[in-house]
**Q** 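Please find one structure pasted underneath; my questions will follow.
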Amino acid sequence: MKKTVLIWLAIGLASFVLLPWHMTDDGLFDQGWIMDGVAATGLFGSLAGQWWLAPAGLALVIATILQLTIPEPVKRARLTLGTAVAGLFFMAVQGLIIVRAGPRVFEGLLTGDVIMAGQAGMGAGAGICAIALLFAATISLSQAGKGQGDAFVVSTIGLIIALVGIFVFFPVIHILVRAFEVDGGYSLTEFFPRFFHSDIWGLGCLIGPRSCGVAINSLFLGVMTGLGTTFLGLTFALIFTRTDFRAKTVLRVLTVLPIITPPFVIGLALILLFGRAGTVTEFFADMLGWEKTRWLYGFWGVYFAQLLSFTPIAFLVLIGVVQGVSPSMEEASQTLDADRWQTFRYVSLPLMRPGLANAFLLGFIESIADFGNPLVLGSGFNVLSTEIFFAIVGAVADPAKAAILAIALLSLTMSAFVAQRLWLGKKSYATITGKADSGQNAGLNPVLRTICYAVALPWAALTLIVYSMIIFGSFVKLWGYNHSFTFDHYIRAFGIDFSTGRLTGVAWDSFFTTLTISSIAAPLTALVGLSTAYLLVRQKFVGKDAFEFSTMLSFAIPGTVIGVSYIMAFNFPPIELTGTSIILIIVFVFRNMPVGVRGGIAAMSQLDKSLDEASITLGANSFTTVRRVILPLMGPAILAALTYSFVRAITSVSAVIFLVSAKHNMATAFIVGRVENGEFGLAIAYSAVLIVTMLAAILLMQLLVGTRRLRRTDRVQQTAKAA
Amino acid sequence: MKDTQIGSVRFDGVVKKYGDVTALKKLDLAIEPGKLVTLLGPSGCGKTTTLRLIAGLEMATEGKIFIGGEDVTHLTATYRKVSMVFQSYALFPHMTVRENVAYGLTVKSVPKAEANAKAEEGLELVGLAGFGDRLPSELSGGQQQRVAVARAIVLEPEVLLLDEPLSNLDAKLRRHVREEIRQIQQRLGLTAVYVTHDQEEAMAVSDNIIVMNNAEIAQIGTPADLYEAPSSAFIADFIGDANLVACEVEKTAKGTATALLDGQRYSVPSPDIAPGAAQMVLRPHALNLAAPGQPGLKGEVTYAAYLGKEIQYTVETDVGSLFIISPVQAEPFKQGDAVSVGIVADHARIVAA
């Protein structure tokens with residue numbers, strides 16, 4: 001234990017003395033920084049006038065001395081902890097105060113040429129120093145306590161808190177700060193009039209010809225989408241669980257679709273069907289002489305697209321809810337002489353109510369966070385997520401406005417999220433008791449069944465048509481005008497010149513970038529997500545509820561807000577990441593982390609806790625327990641987390657669109673660019689390729705999970721023969 | 001087995017709280033090396049908490065814990081020389097039986113060959129030699145239980161902990177396995193702490209029983225002590241069947257109390273009981289039924305059950321309803337018969353009210 005702390009301190013000291021403290025222009029592996037005379041490492045920097053770097057090194061030295069001189073373990077641990085925390089604190093403070101550009105605090109206090117010159121973003125030296133101090137602190141904390149301490153667990157908690165703090169809270173706080181920014185300073189009084197401005201919260205559309213504020217638009221769209229998807233999802237769920245409908249597998253396929261669909265693709269397909277030159281529009285114009293209108297571009301189009309996009313999510317949630325109603329309750333009701341309608345109305349439906357509310361809130365959050373569909377179809381109908389985007393990339397970049405809009409959006413999603421946690425968390429009628437329940441669910445009464453069929457089946461057909469349009473549209477020359485078959489779009493996007501072996505397609509760059517970044521992000525997401533799940537399910541520590549809440553928080557932060565906050569927070573020192581591929585990886589890891597956490601919690605809750613305890617009482621520490629007992633038993637959950645975060649990284653657009661650069665462009669951002677240029681064919685062809693890629697990834701995962709099971713049976717057979 | 005591995009366990013004023021809930025009130029106990037001691041009590045009495053405190057799976061809120069004379073209060077389970085058999089067995093489903101048994105050795109970096117050899121020895125000890133290559137799911141419940149025991153004892157722990165090890169077995173197997181556990185414990189001279197809520201199981205395996213109730217120790221003693229000299233009404237009721245009847249103690253002298261019950265005086269062996277209201281413990285076997293008119297309590301049979309080897313009666317008397325077990329007689333009493341219940345004072349005990 002003492003040795004581990006010393007090793008970390010040594011690593012920290014080495015990086016303080018040997019590695020460049022700040023970011024270097026040419027990257028870490030270019031040796032230029034040694035030669036160019038600019039004081040580079042932490043040590044030389046401090047000696048050459050950048051005195052504010054010294055505390056970090058000093059903390060490392062003092063901690064090392066403490067470790068070597070104090071014999072009494074608890075006292076040693078406490079002092080080391082204090083020193084390391086102080087070191088980290090000074091590092092953070094100097095990083096935030098002494099900057100080259102951007103918002104600056106305590107300007108009046110710190111003056112002088114060296115300080116005014118500022119410093120670059122933190123680099124390898126600073127990063128490793130910080131990690132060394134963090135681990136020295138967490139390991140010491142585990143030794144200073146009353147013995148509950150487990151260095152591995154405490155260090156993991158410390159690391160995750162630090163990461164979530166830096167990559168979720170820090171950017172969001174940045175947005176809050178920026179929202180108070182006015183020309184040349186900050187103002188509290190300016191914030192409220194701007195926040196409650198009628199452009200955002202105006203109700204003009206209700207009482208007059210003026211349009212409503214964007215927040216009201218978002219809110220209205222969100223409520224409508226939430227209600228619509230919950231209703232549609234319920235009809236699907238009822239058909240799926242309470243009827244003898246034949247083609248249930250087809251319905252099941254519907255639930256996979258939203259996972260593998262980039263968010264704007266539905267909007268694109270709808271344009272092909274219902275746009276001015278869309279198939280359906282043309283048909284009615286020809287047959288009935290209806291006027292070709294642009295109804296699709298506005299509220300109804302966005303609403304339509306969102307219903308199509310998010311109904312499967314509601315379906316997925318509600319299958320569980322409907323199945324959760326214990327059959328014996330319905331049987332009890334029927335033996336008490338209630339008919340099927342009464343049973344549904346007075347027993348099943350009330351039991352489902354919390355689940356329905358949950359589905360509604362989910363639809364609501366998805367809808368107001370949705371960026372792709374409003375971007376493609378919104379036109380005159382402005383919502384928060386697109387307004388934020390245009391405030392950043394529009395003709396007049398107005399970061400303060402973007403920040404204020406982001407706060408408005410965040411307050412909406414947060415309210416829904418908090419409502420879900422506080423209200424629904426307590427009010428769930430858990431009817432799954434763990435006791436075997438052999439009863440049968442009551443069938444639907446005929447009227448209800450007819451209604452469900454009448455609503456759900458046409459909707460399912462429509463969804464399938466919309467998806468087939470994506471494949472179809474990619475092979476057509478110019479939709480609505482020239483319907484001749486062509487491979488042009490694919491060749492333009494993914495052409496290969498076979499004579500030279502060069503990839504001539506325009507999409508290759510972004511395609512490979514997307515695959516690379518998603519493949520790097522996926523295991524990291526799974527790692528962070530599953531470690532968090534392990535801590536939440538298996539460990540007891542102070543502040544666990546707050547810890548859980550904060551890790552789930554990024555689920556409630558819309559992608560657009562994350563994107564904006566990242567460019568605001570990481571465009572300047574101390575952490576300067578914009579334009580790199582690292583920022584893309586980080587944004588995926590922390591945006592998709594809740595998915596990994598959820599999956600991990602579900603999988604880990606099914607593992608008997610006494611397995612861990614057995615391992616620990618047999619002398620294994622928690623790290624060995626995780627490695628040898630938990631991980632092998634979590635195989636399928638790990639694969640699922642990997643695939644899901646991989647796919648989510650590919651389909652994500654809202655956060656990414658702010659963070660891509662010419663060098664690191666992502667597929668979705670590239671496609672959105674094509675759509676804005678009106679190159680629908682190319683956009684759709686590319687979307688189709690993405691969907692197929694992701695389907696392949698998912699199928700591959702299913703295959704891997706499948707073979708894993710096979711291997712086990714193999715082993716069983718072998719042993720049976722041997723015995 | 002070497003002497004150094006045989007450990008004693010001592011609790012010095014150990015308190016365990018979960019938030020505001022007190023799971024253990026100031027517990028002092030000492031367990032002698034080489035003994036099998038059972039923690040017995042109704043659910044929620046703190047017996048499992050006590051076991052987990054010994055294991056290091058829970059940490060004491062106050063007080064000190066010693067194992068083998070060494071202060072282990074602040075050591076986590078990983079670093080304590082104890083091992084545990086779990087109620088659910090907790091066999092690792094993805095490892096073979098041999099890998100399971102060798103697990104504790106391999107995490108201590110014992111060479112693989114040596115670990116496997118020791119695992120094989122352990123399996124032999126529990127009568128499962130040759131089952132090493134199977135997966136736990138291919139074994140019966142009793143076999144899985146024995147693998148769990150083997151896995152715990154190959155580490156040669158100072159103390160072996162068993163948490164309701166038989167509760168997942170069916171009744172017939174239970175007796176068999178508990179005998180085996182007892183034999184292995186005696187053969188290896190292990191200190192073992194055994195948790196159960198089944199008093200018959202506790203009586204059958206233990207050197208000593210610690211009965212717990214309401215987060216504290218109710219009584220410590222050998223099975224015979226507890227049955228024959230319960231210190232409280234709770235123990236009397238919990239260990240074996242007992243009728244508790246209100247009585248009046250008039251005086252005590254030389255370990256014999258004179259008690260008044262239903263107008264009759266009885267001389268009952270009971271040390272340390274203050275005169276005044278008390279309760280008399282009447283074991284079902286220590287009550288005789290006779291035809292009315294004989295000396296004793298007057299009563300009426302309200303229920304009679306013929307069980308083959310004995311007959312169980314419920315008799316309603318002036319002092320309350322009494323449960324009586326009597327050997328099968330030629331002419332058993334029937335429901336509704338008036339009877340006289342005779343008390344064998346030598347077998348009765350007096351406890352505080």
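Per chain, numbering begins at 1; letters A, B, ... match sequence-line order.
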**Q** Could you tell me which portion of Gln87(B) (side chain, backbone, both or neither) has an atom closer than 4.5 angstrom to a non-hydrogen atom of chain A?
**A**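 Nothing of Gln87(B), per the 4.5 Å heavy-atom cut-off to chain A.
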**Q** Heavy-atom distance under 4.5 Å to chain A: side chain of Phe86(B), backbone, both or neither?
**A**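 Looking at Phe86(B), just its side chain touches chain A.
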**Q** Which distance, rounded to the nearest 0.5 Å, do you find between the OG of Ser88(B) and the CD of Glu613(A)?
**A**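 Going from OG on Ser88(B) over to CD on Glu613(A), the span is 9.0 Å.
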**Q** Any chance the side chains of Thr78(B) and Asn621(A) put a donor and an acceptor closer than 3.5 Å?
**A**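 Their side chains do not contain a donor-acceptor pair, so the 3.5 Å distance test is not met.
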**Q** With sequence neighbours excluded, tell me which residues meet salt bridge (charged side-chain N to carboxylate O under 4.0 Å, His left out) with Glu201(B).
**A**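 Once residues adjacent in sequence are excluded, Glu201(B) has no partner under the salt bridge (charged side-chain N to carboxylate O under 4.0 Å, His left out) criterion.
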**Q** Hey, which of Lys108(B), Met84(B), Arg151(B) is the one that makes side-chain contact (heavy atoms from CB on, under 4.5 Å) with Leu618(A)?
**A**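 That would be Arg151(B); it is the only one of Lys108(B), Met84(B), Arg151(B) passing the side-chain contact (heavy atoms from CB on, under 4.5 Å) with Leu618(A).
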**Q** Of the listed residues (Thr106(B), Val82(B), Val154(B)), which shares the most heavy-atom pairs with chain A below a 4.5 Å separation?
**A**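 Result: the option with the highest number of such pairs is Thr106(B).
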**Q** Would you name the heavy atoms of Ser610(A) and Ala90(B) that are closest together and state the gap between them?
**A**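 So the two residues come closest at O-CB, 3.4 Å.
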**Q** Look at atom NZ of Lys17(B) and say whether more than 12 heavy atoms of other residues, nucleotides or ligands are closer to it than 6.0 Å.
**A**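 No, the 6.0 Å shell around NZ holds no more than 12 heavy atoms from other groups.
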**Q** Can you confirm whether the side chains of Arg80(B) and Thr617(A) place a donor and an acceptor under 3.5 Å from each other?
**A**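 Result is no, nothing qualifies.
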**Q** Taking NZ in Lys25(B) as the centre, count heavy atoms belonging to other residues, nucleotides or ligands within less than 6.0 Å. Is the count above 12?
**A**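 Yes, enclosed.
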**Q** Report the C-alpha separation of Tyr89(B) and Leu611(A) in whole Å, then their side-chain angles, then the decisive distance to 0.1 Å, and conclude whether the side chain to side chain contact (heavy atoms under 4.5 Å, CB included) test is met.
**A** CA-CA 8 Å; Tyr89(B) 317 147; Leu611(A) 287 175; over 6 Å; no
**Q** Using non-hydrogen atoms only, which part of Leu91(B) is less than 4.5 Å away from chain A: side chain, backbone, both, or neither?
**A**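 Contact with chain A: backbone only.
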**Q** Determine whether Phe92(B) and Arg628(A) make a side-chain contact, defined as any pair of heavy atoms from C-beta on separated by less than 4.5 Å.
**A**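 Phe92(B) does not reach Arg628(A) side chain to side chain.
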**Q** When you look at OH of Tyr18(B), are more than 12 heavy atoms from neighbouring residues, nucleotides or ligands closer to it than 6.0 Å?
**A**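 Count over threshold, so yes.
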**Q** Taking His94(B) for its side chain and Ile630(A) for its backbone only, find out whether a donor-acceptor pair lies under 3.5 Å.
**A**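 Looks like no, no N/O pair under 3.5 Å.
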**Q** Measure distances from Arg52(B) to the heavy atoms of chain A and classify the residue's part below 4.5 Å as side chain, backbone, both or neither.
**A**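 Side chain only.
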